[in-house]
Each structure stands twice: as C-alpha cells, then as structure tokens.
Amino acid sequence: MKSAVETLNPTRVRLTVEVPFEELKDSLDAAYKKINQQVTVKGFRKGKIPARVIDQRFGRGAVLEEAVNDALPKFYTEAVNEGELNVLGQPDVDIKELKDGELLSFTAEVDIRPEIAIPDYSGIEVTVDSVEVTDEDVDKSVEQLRDRFASTNPVERPAAEGDVVTIDLEAKIDGEILEDGVANAVEYTIGSGELLDGIDEAVTGLEAGGEATFSSELKGGAAEGKTAEVTVKVTAVAARELPALDDDFAQLASEFDTLDEMKADSRKRLESMKQYDQATQAQERVLDELLKLAEVPIPEKLLEDEINTRKHNLEHHQLGQMGLDLAKYLEIQGQTEEEWEAETKEQAVKGIKTQFILDELVNKEKLNVNQEELTEHLMRRAQSSGMAPDQFAQAVVEGGQVPMLVGEVARGKALAVVVEAAKVVDTNGEPVELDDDEDADDEETPAAEAAADAPAADTDGTEKSEKTEA
C-alpha cells in the first residue's frame with residue numbers, strides 16, 4: 001500500500017491511497033463467505049457455492065463492493081498512522097479507481113488537529129474582585145437562616161406583604177373554567193412572586209373569606225401564555241414570626257452555643273465562598289487572555305458538529321425537561337434566533353480553542369493523570385450528575401468515556417500551570433495567591449470545570465487507533 005498526504009488547510013488534509021489488488025485477498029475471501037451465507041443456489045448446499053458461481057449469478061461487482069467496504073477502514077487507518085496524523089471525526093472517502101485484479105485507489109478527506117504554537121503566557125496579568133466580607137453580608141446571611149426558622153400563626157386581620165395566605169384559585173378564559181384552572185388550599189407568601197402576576201395586589205387587604213378577581217398571563221398548563229380571568233379566595237391568613245436573634249436561636253439553627261460564634265462561622269464561610277469565586281474568576285480571565293495570545297485554527301466540520309450538538313442538547317434535554325420549545329425559550333431570554341445562533345457559535349469556538357490549546361499544553365508540560373486524581377474527578381462528576389459513584393463509573397466505562405475524563409483532568413492541570421505563572425491582583429491592587437487544593441475535597445476546582453466544558457466532538461486526545469475508524 002502507498003499513501004500520500006496533501007494539506008488542504010491548517011485543519012484538513014486529503015489522503016491518497018493506492019492498494020495492490022493482492023492486498024484485498026482476505027477481504028475478497030470474507031466477501032465470498034458472507035455472500036455464501038446469505039444466498040441460495042439450486043444444486044449447492046448453503047455456504048458451499050463456488051466463487052465462480054457467485055460471480056455468474058450475482059456479479060463480480062457485488063463481491064468487489066463488499067470486499068472494498070470491508071477493507072477500506074483498515075487501509076485508511078494504516079494511511080493515517082503512516083502519515084502520523086491526529087484526525088478528528090470521520091473521513092469523506094471517494095473511490096477513485098477499482099481495477100479487478102490490479103489496483104484499488106481512493107482518497108479520504110478528514111479534519112486534523114491543527115499544530116498550535118503555545119504562546120509565552122508568563123506575562124499574563126488579570127484583575128479579580130477582592131475578598132471582602134462586610135458586617136452587612138454577615139447580617140444578611142444570618143437573616144436568611146433566621147427566615148428558614150420562621151413560624152406562622154393564624155391572624156384575624158387583612159393580609160399584608162410577608163403574610164402566608166391559604167387560597168383557592170379558579171381561572172377562566174372567555175367565561176369557561178379551564179380543565180386545569182382550579183386549585184384549592186394553596187399556601188402563598190405575599191410578595192414572593194412565586195405564583196401569577198397580579199396576585200399580590202389582589203390578595204393584599206383581604207381577610208379570610210374575602211375574594212378578588214384579576215387578569216393574568218398563565219405560566220403553565222394547557223393555556224400557557226394566554227390571559228385568563230382569575231378568581232382568588234382567601235381561606236386563611238397567617239403571619240410569619242421570626243425567632244429572636246439571640247443565643248437560643250444560634251443553638252437552634254447551628255452547632256454553636258452563642259450568636260457571636262454563629263456569626264463568626266458565617267463570616268468564615270462567606271470568605272471561603274468569595275475566595276472560591278475569586279479563584280474561578282481568575283482562571284476564567286487567565287484563560288481568556290491565553291486564548292487571545294494563541295492562534296488556533298478551527299476545523300469547520302468540527303465547529304458545525306459542536307454547534308449542532310449544543311442545539312440538540314438544549315432543545316431535547318434542557319428545554320424538554322422545562323416544557324419549553326426553542327421559540328418560547330428565546331422569547332423569555334429576549335433573544336432573536338440569529339442572536340442565539342451567534343452566541344452559540346461564539347461559545348463553541350471558545351470551547352474548541354480551549355480544548356486544543358490545553359491539550360497542547362498537556363503534551364508540552366508532560367502532564368500525567370494518576371489514578372487518585374481520576375477517581376476524585378469521577379466522584380465529583382458523579383455527585384454533580386446525581387448518580388451514585390459506582391453507577392456513574394459503570395456508565396463511564398461502558399460508554400468508553402474514560403479517556404474523556406482523563407482529558408478533563410489533564411486540561412484542568414494545564415490551566416492551573418498557566419494560572420500559576422500569571423500575575424493575579426485584586427481590585428485593591430493586592431496580589432492574589434490561589435490554592436487549587438484548598439477545597440478540592442468538597443468541590444470541583446475551577447480549572448477542572450473550565451476544562452470539562454469542552455466540545456462533545458472527537459477531540460479528546462486519545463490514541464490514534466481510537467480515532468481512525470473509517
């Protein structure tokens with residue numbers, strides 16, 4: 001077999017392959033055997049039909065076609081390995097010549113990973129938010145906790161904002177009660193905005209037994225999006241009472257004995273959260289600066305596939321679970337389809353660039369992933385997916401996704417190398433020291449999260465033998 005590689009552009013090549021006919025012998029034998037098992041010829045036992053009879057009855061062309069289809073993946077893979085190509089996706093194959101007894105010639109156009117020159121990233125400088133926890137932040141956190149421990153007590157007075165009312169609802173359109181337009185004994189906190197638009201104004205000032213009618217656009221059900229006339233009847237009014245802010249509350253709501261201890265712990269947790277947000281911000285901004293420095297050609301077919309994958313996942317998974325279609329989603333987002341497509345393309349381009357350059361960094365820095373790192377990453381991914389670790393691990397292995405997880409961890413480590421070399425300061429001009437391991441046991445690191453948000457296409461850096469199936 002002879003092969004040659006022609007570079008069409010930085011991300012696509014054309015392979016030209018010539019195969020002497022004798023190298024098709026095994027595939028020809030397999031083709032005759034397969035046809036033997038599929039056809040019946042009078043006078044011959046099944047599977048015992050001579051090759052010359054098959055040629056006469058069914059045509060030599062049918063045998064050659066079967067043999068070529070069987071042989072092409074092997075010859076294509078050999079040509080890819082001979083050319084030391086890192087291919088992406090499936091090739092477009094064109095049979096140029098097939099001379100019985102002489103020669104098979106074909107071409108295969110396929111996307112490849114572009115060669116990327118890693119820029120000098122040591123001069124990257126970014127500014128991130130400072131970690132400042134104010135007394136107001138702590139008070140707000142404590143008030144949120146206090147709100148969770150609020151109690152409700154029935155009152156005999158008009159309902160006011162913050163009260164919990166028990167209500168019956170009835171929705172009509174053109175005077176007809178909707179099939180799913182009746183709900184009874186619904187508890188609603190006035191001012192929460194959790195029900196229909198206009199309901200707060202309707203129930204405010206009503207006592208138990210009072211009712212009001214208002215118009216509102218329905219947010220769900222068969223008549224979603226239509227304007228209905230809604231009658232609301234208040235059956236009970238209850239006032240929310242917050243617990244006193246004292247040591248007794250601290251003992252009720254936490255493991256601490258005093259309110260001061262609880263507030264100190266709240267401050268510490270808020271600082272940890274802001275430090276994590278700061279680290280995430282730093283890594284995102286360092287990555288953006290790295291991408292600006294690097295020239296990364298994007299394979300057109302890979303980009304097209306990635307955009308289609310993102311659109312499919314949004315329409316058939318995320319929106320499907322929410323009961324929305326793309327048109328309704330865009331209306332809620334205040335976007336046109338053209339704006340959404342442009343944004344999706346921008347995100348896809350960034351994802352592909354990120355993966356290419358971080359994979360190149362993994363190779364340059366000779367970064368490896370050990371079993372402990374892979375296991376920790378798998379555990380975090382299982383937790384975020386809501387699956388048990390054993391169940392998630394089994395799904396990963398059965399789906400052949402282990403190389404993908406290895407790639408995610410490796411890219412996270414590559415990004416961490418760049419961040420470590422960068423200069424990071426906060427808005428006060430103070431240097432920021434980032435410790436990726438600080439919360440590693442509890443949360444995915446920002447670097448790994450960024451690396452995990454990579455294209456679903458076949459670009460994970462696995463061995464050539466896993467990427468060259470025709």
Side-chain angles (χ1 to χ4, degrees), residues 121 124-148 253-256 261-291 347 350-351 354-355 357-358 361-362 367 369-370 372-387 389 392 405 407-454:
Y121 49 79
I124 290 178
E125 297 184 15
V126 297
T127 301
V128 296
D129 295 338
S130 61
V131 174
E132 296 177 355
V133 178
T134 65
D135 291 342
E136 289 75 14
D137 292 332
V138 175
D139 290 343
K140 182 179 178 181
S141 175
V142 171
E143 281 301 315
Q144 290 172 344
L145 182 62
R146 189 181 177 206
D147 192 66
R148 287 168 49 191
S254 70
E255 69 272 29
F256 300 102
E261 289 174 335
M262 189 179 77
K263 284 187 174 183
D265 179 71
S266 178
R267 183 180 294 275
K268 182 179 178 181
R269 285 187 296 102
L270 288 172
E271 286 175 350
S272 295
M273 290 170 59
K274 289 198 174 189
Q275 285 169 350
Y276 182 82
D277 290 343
Q278 186 187 64
T280 301
Q281 194 178 70
Q283 292 175 334
E284 288 173 349
R285 293 182 179 179
V286 168
L287 176 60
D288 287 341
E289 293 302 312
L290 177 65
L291 294 180
Q347 292 170 346
K350 181 177 180 180
T354 297
Q355 186 164 347
I357 194 168
L358 292 183
L361 265 169
V362 168
L367 301 175
V369 176
N370 60 42
E372 182 181 357
E373 291 169 333
L374 181 60
T375 300
E376 288 177 358
H377 183 64
L378 187 147
M379 296 285 283
R380 290 190 288 263
R381 286 288 303 272
Q383 185 177 17
S384 65
S385 70
M387 297 173 66
F392 184 81
L405 289 188
E408 289 176 1
V409 178
R411 285 189 287 275
K413 295 176 73 171
L415 180 54
V417 168
V418 182
V419 173
E420 186 178 353
K423 179 181 179 181
V424 182
V425 297
D426 65 18
T427 50
N428 296 324
E430 296 295 325
V432 174
E433 296 294 331
L434 301 173
D435 184 358
D436 286 336
D437 297 326
E438 184 175 344
D439 298 314
D441 293 335
D442 301 317
E443 300 182 74
E444 184 69 284
T445 64
E449 287 178 344
D453 186 26

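Below, all heavy atoms of this structure are taken into account, side chains as well, without hydrogens, waters or symmetry copies.
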Side chains of [X] and [Y] in contact at under 4.5 Å (non-hydrogen atoms):
X: V142; Y: K263; result: yes
X: T427; Y: V128; result: no
X: N428; Y: E132; result: yes
X: R411; Y: L361; result: no
X: K140; Y: Q144; result: yes

Closest approach of [X] and [Y], non-hydrogen atoms and distance?
X: S141; Y: L270; value: CB-CD1, 4.2 Å
X: A410; Y: L367; value: O-CD1, 4.3 Å
X: L145; Y: M262; value: CD2-SD, 3.9 Å
X: A282; Y: V424; value: CB-CG1, 4.0 Å

- Excluding sequence neighbours, so at least two apart, what forms side-chain hydrogen bond (donor to acceptor under 3.5 Å, both in side chains) with K350?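 K350 satisfies side-chain hydrogen bond (donor to acceptor under 3.5 Å, both in side chains) with D288 once adjacent residues are dropped.
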- Task: Evaluate side chain to side chain contact (heavy atoms under 4.5 Å, CB included) for V425 paired with V432, printing each intermediate quantity in order.
- Result: CA-CA 5 Å; V425 297; V432 174; 5.5 Å; no
- Could you tell me which residues satisfy side chain to side chain contact (heavy atoms under 4.5 Å, CB included) with D135, sequence neighbours excluded, listed by chain and number? R267
- Message: Between the side chains of E373 and K413, is the shortest nitrogen-to-carboxylate-oxygen separation below 4.0 Å, so that they form an ion pair?
- Response: yes
- Is the closest side-chain donor-acceptor distance between T134 and D137 under 3.5 Å?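 A pair is found: one side chain offers a donor N or O, the other an acceptor, under 3.5 Å apart.
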- Query: Going by atom types alone, do D426 and Q278 pair a side-chain donor with an acceptor below 3.5 Å?
  - Reply: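 Note: D426 and Q278 side chains miss the donor-acceptor criterion.
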Is it true that a side-chain atom of [X] and a backbone atom of [Y] form a donor plus acceptor pair closer than 3.5 Å?
X: K423; Y: V126; value: no
X: S254; Y: F256; value: yes
X: R285; Y: T127; value: yes
X: E271; Y: V133; value: no
X: T280; Y: Y276; value: yes

Could you tell me the separation between the [atom1] atom of [X] and the [atom2] atom of [Y], rounded to the nearest 0.5 Å?
X: E284; Y: L415; atom1: CD; atom2: CG; value: 10.0 Å
X: D139; Y: R146; atom1: CG; atom2: CZ; value: 11.0 Å
X: E433; Y: Q275; atom1: CD; atom2: CD; value: 12.0 Å

- Residue list, salt bridge (Lys or Arg N to Asp or Glu O under 4.0 Å) with D265, at least two apart or on another chain: R269
- Query: Yes or no on side chain to side chain contact (heavy atoms under 4.5 Å, CB included) for D129 and D277, after CA distance, side-chain angles and deciding distance?
  - Reply: CA-CA 9 Å; D129 295 338; D277 290 343; over 6 Å; no
- Item | Residue pair R381, E408: steps toward the salt bridge (Lys or Arg N to Asp or Glu O under 4.0 Å) verdict | CA-CA 11 Å; R381 286 288 303 272; E408 289 176 1; 2.5 Å; yes
- Item | Heavy atoms from other residues, nucleotides or ligands near CE of M273 exceed 12 (cutoff 6.0 Å) | no
- Item | Test side chain to side chain contact (heavy atoms under 4.5 Å, CB included) applied to V419 and L287, I124, L290, L434, the passing residue | L434
